[in-house]
Q: 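Pasting in a structure now, in structure tokens, and then I'll have a few things to ask.
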Amino acid sequence: MQKVRIMALGGLDEDGKNCYVLEFGEDIFVIEAGIKYPETEQLGIEYIIPDFTYLIENKDRIKGIFISHGHDDVMSALPFLLKEVDPEIYATALTAKILESSLPNKKRINVLRRNDTLKLGNVTIYTFPVMQSIADGVGFIFESEMGAVVYAGEFIVDYDFTNEAFAMDVNVLNKLKDKDVLCLLAESVSSTRSGYTTPKHRISEHIESYIENLQGRLIMSLYSQNLFRIIEVLELAKKYKRKVFFYNKEHVRLLKHVDDLGYYHIPQGMIIDAKDFNNDLDNVICIISGSGNKVFRLLNNIAIGEDRLIELKKNDTVIIASPIVPGTEKEAANMENDLYKAGVKVHKLSSNEVLSMHASKEDLKMMLYLVKPKYYLPIKGDYAKLIANADVAVEMGYTPDKIVILDNGQYASFENGKLVSTRDQIELEEVLIDGSDKTDVSGMVLKDREALSTDGAIVLGVVLDFKTKKLIGGPDVQSRGVIYLKDAENILNEIGNILVETIAQAVKDNRYDNMQIRMEAKEKITRYVLKETGKKPMILPAIVEINTEQNNG
């Protein structure tokens, strides 16, 4: 019996954290291993990665990991997966160069062409070029005797852009018309948009007048991995003979990779080196870039005068060309507000003016028409977007039984070319990565951080005689962000009394245990503070025991 199973470890009913698992018999093929950015209430969390437990438990079955392009949401969780598994990685040239800086074992990266063929076990893999906001984007065709699974990923249809590193090529997809395509996986990020994405994905016409008439400085925010828009800005700078300064070294490294690969050559002398930049330069385009909410934080620091390099001047113009993505709303709003306070001219490219480079309805219809799969599986996007993508397939004549909408961890199982079940599911947990330490963070830690941010903390302590358990110091009670009442002193005194009385009662009952008493006192104090203040702060009691005989000796 020929069996194919498809599952997502991330990327369904969410933006980012993409990771898809294809199983042909016993062979596992992994597509993408990305991150997503946290919601604003997930305090101190840098990003979130998929739960890789299933892949770790089945690591001997993994034939390879395939990365479609060089964006964080499809590749930046790979270092965490590679701590536990050691498969071969397959990516195109630019994606491979970006990966090399973050992966411990560069030998595991196999470079594919944008139109390539590879055979692993009983499965033949074809790549096909797709157009995205970064060069070298590809889709994948996994073909076996059980049928073909096509991963279109992210794409737009734009036949007017001729740079071969970006251009989409449908010739490979045309070859599929004679093949048995079991299932197509395509993105849902912009499935609610009518028409084609092109030509509204271009920003040139919206920013050209600013560059042409530049008197002071033009400061632009861009996502560091949106290479398409970087090239648009550089082309306009070349046209009007403007100098360009890149605030972020990551951008410079990316452009060096692009230059080395021959995808785009920057005119000599256009880029201002960091050591040559100063705030007195005029007629300059300053590009502020970063990923996720980092770009908004950078520009916000500049707006409030806390940046070490750029100080805003009244004749500066700021163009916000980095669209708001989920998890960045608060930082983006703060940044825009502070820019206006700084008194500079601000122009924001709205999502209606400039479209993100994701497939709109007609792009999706084109892909469905070319591939003609038996089954359609919408991926990448929240649930409403998955449904909208399914509706596109319905408009193309697909019946609901041929459209598969899954949750993360849920399997679509096919046997002999037919969908037989979506009942099987594995339990997944989000893995939260904490700041620069890159450590996992539990839900309990998040709850503690939330309590600290909303209700504050109370720290209290006493010193006891180690042998007799008699009080020899304290209680000392400190409140931070909790009590603002006139009678705060009475409340703090009572909190100290609760700790002392809890210890005394435990000693009297001959059941004293340091940790147990701290927990008992914490519960009592929590109830008391909630009754008196309506808050549930972090309660941190400390009981220090000292051997007084030894000290006196």
Side-chain angles (χ1 to χ4, degrees), residues 38 41-46 48-49 51 53 80 83-84 427 429-553:
E41 66 268 17
Q42 292 178 299
L43 304 165
I45 300 304
E46 191 75 11
I48 304 166
I49 67 173
D51 182 346
T53 304
F80 298 93
K83 289 178 181 178
E84 305 292 340
E427 292 296 322
E429 294 183 2
E430 288 194 323
V431 181
L432 311 174
I433 304 301
D434 182 5
S436 58
D437 290 335
K438 295 180 172 57
T439 52
D440 297 358
V441 178
S442 70
M444 184 61 70
V445 172
L446 276 185
K447 289 177 182 176
D448 287 348
R449 290 178 179 175
E450 188 173 358
L452 283 168
S453 69
T454 57
D455 289 344
I458 294 175
V459 182
L460 65 156
V462 295
V463 180
L464 302 182
D465 182 284
F466 177 75
K467 287 190 174 182
T468 66
K469 308 304 180 195
K470 289 183 178 180
L471 185 70
I472 58 176
D476 180 39
V477 183
Q478 300 290 328
S479 168
R480 293 293 181 270
V482 183
I483 302 170
Y484 304 95
L485 308 176
K486 290 182 179 179
D487 58 347
E489 187 175 348
N490 294 334
I491 294 175
L492 296 179
N493 287 339
E494 182 58 26
I495 289 170
N497 292 337
I498 292 173
L499 177 59
V500 172
E501 290 169 4
T502 303
I503 295 169
Q505 189 62 49
V507 172
K508 182 179 178 181
D509 297 341
N510 198 28
R511 58 176 181 82
Y512 176 85
D513 175 81
N514 191 299
M515 181 175 290
Q516 188 62 40
I517 295 307
R518 282 187 283 128
M519 293 300 295
E520 187 179 327
K522 179 179 178 180
E523 290 176 8
K524 291 179 180 179
I525 294 167
T526 299
R527 289 195 296 269
Y528 170 74
V529 174
L530 180 62
K531 178 183 175 183
E532 294 295 324
T533 69
K535 294 185 176 183
K536 291 186 70 175
M538 286 277 292
I539 307 294
L540 302 171
I543 303 174
V544 179
E545 300 180 42
I546 296 176
N547 190 333
T548 54
E549 288 185 2
Q550 195 174 49
N551 290 344
N552 292 334

Q: If you measure from NZ on K467 to CD on E545, what distance do you get to the nearest 0.5 Å?
A: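 Rounded to the nearest 0.5 Å, the NZ-CD separation comes to 13.0 Å.
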
Q: When you measure from the side chain of D465 to the backbone N and O of I472, does any donor-acceptor pair fall under 3.5 Å?
A: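 Looks like no, no N/O pair under 3.5 Å.
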
Q: Output the distance between atom CD (E523) and atom CZ (R527), rounded to the nearest 0.5 Å.
A: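 Here the rounded value is 6.5 Å.
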
Q: Of all heavy-atom pairs between L499 and A542, which one has the smallest distance, and what is that distance?
A: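 Minimum heavy-atom separation between L499 and A542: CD2-O, 4.5 Å.
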
Q: Quick one: pull up CD in E427 and CG in D51 and give me the separation to the nearest 0.5 Å.
A: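 E427 CD to D51 CG: 10.0 Å, rounded to 0.5 Å.
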
Q: Supply the atom-to-atom distance I503 CD1 to L471 CG, rounded to the nearest 0.5 angstrom.
A: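 The distance works out to 7.0 Å.
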
Q: First locate atom CD of Q505, then atom CD of E520, and finally report the distance between them rounded to the nearest 0.5 Å.
A: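 It comes to 9.0 Å.
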
Q: Which heavy atom of Q478 sits nearest a heavy atom of D476, and at what distance?
A: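 Heavy atoms of Q478 and D476 come nearest at NE2-OD1, 3.4 Å.
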
Q: Quick check on side-chain contact (heavy atoms from CB on, under 4.5 Å): which of L464, L460, V462 does V500 satisfy it with?
A: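 Only match with V500 under side-chain contact (heavy atoms from CB on, under 4.5 Å): V462.
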
Q: Roughly how far, to the nearest 0.5 Å, is CZ of R518 from OG1 of T502?
A: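 Answer for the OG1-CZ pair, T502 versus R518, is 13.5 Å.
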
Q: I543 and Y512: which non-hydrogen atoms are nearest, and at how many Å?
A: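 Looks like CG2-OH, 3.5 Å.
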
Q: Determine whether V431 and F80 satisfy the following criterion, side chain to side chain contact (heavy atoms under 4.5 Å, CB included), listing intermediate values before the conclusion.
A: CA-CA 10 Å; V431 181; F80 298 93; over 6 Å; no

Q: Tell me the closest heavy-atom pair linking E532 and I491, and the distance in Å.
A: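 What the structure gives for the nearest pair is CB-CD1, 4.3 Å.
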
Q: How close do L492 and S479 get, counting heavy atoms only, and between which atoms?
A: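 Shortest heavy-atom separation between L492 and S479 comes out as CD2-CB, 3.9 Å.
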
